[in-house]
Amino acid sequence: MAKAMTTEARKKDTREKIALGGLIVKAGLRYEKRALLLGLLIEASHRIKGNEAERSRLTALGAEAFGNDSE
């Protein structure tokens, strides 16, 4: 039987989920269907496995977006 999460663990989990949701909003995908969002993430996961060039390219793209936080 799985152990129940502690209050602190639940709080940390909630903060992480909120932060991840914020990434969806920042990417301009707030109003897309959940199935599309999941598909995009699965596709990205496949694209970066074993492909350091693609991982670096996407990391740079994300870092640039974080640098433009005035949006």
Side-chain angles (χ1 to χ4, degrees):
M1 188 170 183
K3 276 187 165 182
M5 290 179 78
T6 66
T7 300
E8 284 305 311
R10 279 194 306 274
K11 286 180 182 178
K12 182 180 182 222
D13 184 60
T14 298
R15 284 191 301 272
E16 288 176 353
K17 288 174 181 173
I18 290 168
L20 291 170
L23 294 175
I24 297 296
V25 172
K26 181 140 184 77
L29 299 169
R30 177 190 299 248
Y31 301 108
E32 296 297 340
K33 292 182 179 182
R34 290 175 21 181
L36 173 65
L37 296 173
L38 183 56
L40 288 168
L41 293 169
I42 291 168
E43 176 67 20
S45 175
H46 291 146
R47 289 176 83 173
I48 65 171
K49 282 191 179 137
N51 187 339
E52 286 305 313
E54 183 68 356
R55 179 182 289 271
S56 294
R57 185 185 76 79
L58 293 172
T59 298
L61 184 65
E64 181 181 345
F66 277 125
N68 297 329
D69 272 343
S70 61
E71 297 176 341

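All values below were derived from every heavy atom in this structure, side-chain atoms included, with hydrogens, water molecules and symmetry-related copies excluded. Note that the numbering runs from 1 along the sequence shown for the chain.
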Quiz item: Rounded to the nearest 0.5 Å, how far apart are CD1 of I18 and CG of L23?
Solution: 12.5 Å
Quiz prompt | Closest non-hydrogen atom pair, N51 against E54 | solution = OD1-N, 3.0 Å
Self-check item: Intermediate values then yes/no, salt bridge (Lys or Arg N to Asp or Glu O under 4.0 Å), E8 and K12
Solution: CA-CA 6 Å; E8 284 305 311; K12 182 180 182 222; over 6 Å; no
Practice problem: Taking T14 for its side chain and R10 for its backbone only, find out whether a donor-acceptor pair lies under 3.5 Å. | Solution: yes
Quiz prompt | Pairwise distance CZ(R47) to CG(L40) - rounded to 0.5 angstrom | solution = 10.0 Å
Quiz prompt | Within-4.5 Å side-chain heavy-atom neighbours: I24 and L20 | solution = no
Quiz prompt | L36 reachable from L29 in the ILVMFWY side-chain graph, under 4.5 Å edges | solution = yes
